[in-house]
Amino acid sequence: MTADHRSGQPTQAAANSLWGGRFEDGPSAVMEAINASIDIDKRLAEEDIAGSIAHAGMLAECGVISKKDAEEILRGLNQVRDEIRAGDFAWSRALEDVHMNVESRLKAVIGEPAGRLHTGRSRNDQVATDFRLWLRGACDRIDTALGLYQAALVAQAEKHADTVMPGFTHLQTAQPISLGHHLLCYVETAQRDRGRFADARRRMNESPLGAAALAGTAFPINRDMTAKALGFDRPMGNSLDAVSARDFALETLAAASIAAVNLSRLAEEIVFWTSRRFGFARLSDAWSTGSSIMPQKRNPDAAELVRAKPGRITGSLMGLLMVVKGLPLAYSKDLQEDKAPVFQAIDDLELAIAAMTGMAGDLVFDKAVLEAAAGEAYSDATDVADWLVRELEMPFREAHHVAGSAVKAAEHKDLFLSELPLEDFQAIEPRIDSRIYSVLSARASMESRTSYGGTAPVRVKEQIDAWRKRLGGDA
């Protein structure tokens with residue numbers, strides 16, 4: 001925007017270049033700064049041009065503009081897109097947003113026909129269309145990335161279907177489980193994340209284009225044609241809803257928040273597992289950092305940063321909820337603040353998924369340490385109770401009491417249950433015989449849990465095969 005050299009204020013010609021004859025004076029510098037969104041929404045340039053190409057083709061088909069003008073518009077838009085892709089495009093904050101930047105450059109390239117492109121639409125339906133197109137692509141990228149993350153976990157699970165590790169509840173050693181089983185839990189979780197993004201994508205895949213400012217248009221346009229050209233399932237059925245709805249962005253942010261939280265749970269376990277106190281696993285130098293003063297340190301910084309990402313991503317969700325809360329129909333300028341939190345959250349999530357995929361494939365587990373830990377803290381106590389129920393037909397509550405007494409006796413002598421003499425077992429329950437020792441190992445405990453969805457390696461391997469088929473090329 002040009003300015004008078006004496007006052008520093010925009011000239012009348014510059015003020016009118018965007019708003020026509022309604023305003024005599026240009027905006028103040030502060031108004032221009034708060035009003036401009038180009039630094040954020042220029043990321044929508046590809047989508048904006050795609051929408052304009054579809055709109056121009058439809059206008060020509062419906063006889064609203066001439067075929068010749070449409071051809072010129074198409075030629076100019078392709079040139080503008082090439083300039084943007086090449087990094088040769090000069091973005092202007094004075095032109096406020098991506099739409100006016102593209103339209104202004106289009107006019108410079110093709111002249112008068114550019115002015116006909118905006119017939120039958122508004123920046124309100126234009127930005128809503130661009131935003132849905134961008135988020136649709138983001139959902140597709142995230143789905144692919146989560147599939148690769150799942151494949152990395154399945155590959156590790158396949159290596160470790162028979163590896164025993166301690167299962168935890170309350171972060172206390174509970175029962176021995178398969179490491180492969182543990183890793184497949186996160187594969188299941190990621191599949192639900194993919195489902196949430198697929199649901200969000202399906203609901204957002206309706207076209208706002210042609211709703212114009214809020215009430216539709218008097219021109220004889222064909223909204224089905226533009227919807228089909230842009231890959232939407234259908235045009236939105238209510239013009240007010242088309243320009244004002246942002247629940248599609250909220251739903252995507254909700255899915256992103258849940259996915260980030262799920263990633264952070266494995267990230268937290270990686271922090272534990274790679275610590276000296278646990279010693280369950282090791283990350284290579286590619287995923288570790290050192291200390292500026294402690295040369296012995298290997299810090300799992302990538303995992304810690306993934307663990308932190310939900311703070312930013314859920315913050316984006318809360319921020320957009322507050323932007324949208326209480327807005328009257330239809331469009332308000334508040335909605336200009338919708339894109340920054342979404343872009344930030346999607347960037348953070350895509351980076352977190354990539355980091356977790358890398359770490360999932362990079363982890364090297366210490367089987368001996370895992371198996372030793374699995375046998376600690378009387379993790380086979382439930383197996384004593386199960387044996388009593390199975391072999392002596394004892395009610396489980398009574399068997400639970402007997403097993404607890406056996407643990408107490410072993411603790412008193414500082415022994416594992418497998419080391420407790422038979423006479424000590426028989427002092428608690430005389431019917432116990434030497435067969436009890438067959439279940440008193442971490443591996444035996446793991447292998448005994450053969451119910452569907454259980455941790456026995458035979459079940460884990462079945463699930464690995466099923467996931468390999470389900471993931472197909474990703475696996």
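The figures that follow rest on heavy atoms only: side chains count, while hydrogens, waters and symmetry mates do not.
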Could you tell me whether the side chain of [X] and the main chain of [Y] form a donor-acceptor pair under 3.5 Å?
{"X": "Arg459", "Y": "Thr450", "answer": "yes"}
{"X": "Asp41", "Y": "Leu44", "answer": "no"}
{"X": "Thr129", "Y": "Leu209", "answer": "yes"}

> Atom CG in Leu179, atom NZ in Lys367: separation rounded to 0.5 Å?
Replying inline: 9.0 Å
> From Ile84 CD1 over to Arg105 CZ, what is the distance, rounded to the nearest 0.5 angstrom?
Replying inline: 10.0 Å
>> Testing Gln150, Met356, Glu269 one by one against Tyr186 for a side chain to side chain contact (heavy atoms under 4.5 Å, CB included), which residue passes?
In response: Glu269
>> Using the rule given for side chain to side chain contact (heavy atoms under 4.5 Å, CB included), can you reason through Leu77 versus Val102, listing the C-alpha separation, both sets of side-chain angles and the distance that settles it, and then say yes or no?
In response: CA-CA 8 Å; Leu77 287 170; Val102 169; 4.1 Å; yes
>> Using side-chain heavy atoms (C-beta onward) and a distance below 4.5 Å, is Met100 in contact with Asp97?
In response: yes
>> Side chains of Gln79 and Leu106, heavy atoms from C-beta outward: is any pair under 4.5 Å?
In response: no
> Taking NZ, NE, NH1 and NH2 as the nitrogens, is one of them in Glu251 or Arg201 under 4.0 Å from a carboxylate oxygen of the other?
Replying inline: no
> So, Phe248 versus Phe131, ring centres under 6.0 angstrom or not?
Replying inline: yes
>> Let's go through Phe89 and Val80 carefully: what are the C-alpha distance in whole Å and the side-chain angles of both, what is the deciding distance for side chain to side chain contact (heavy atoms under 4.5 Å, CB included) to 0.1 Å, and is it a yes or a no?
In response: CA-CA 8 Å; Phe89 192 88; Val80 173; 3.7 Å; yes
>> Testing the 3.5 Å rule here: is there a donor-acceptor pair between the side chains of Arg81 and Asn78?
In response: yes
> For Phe232, is the NZ or CZ atom of Arg136 found under 6.0 angstrom from the centre of its six-membered ring and inside 45 degrees of the ring axis?
Replying inline: yes
>> Holding to ring pair (Phe, Tyr, Trp, His ring centres under 6.0 Å), I want the full list of residues that pass it with Phe278, two or more places apart in sequence or in another chain.
In response: Phe272, Phe280
> Please walk me through it: do Ile313 and Lys309 pass side chain to side chain contact (heavy atoms under 4.5 Å, CB included)?
Replying inline: CA-CA 6 Å; Ile313 295 171; Lys309 289 299 183 186; 4.3 Å; yes
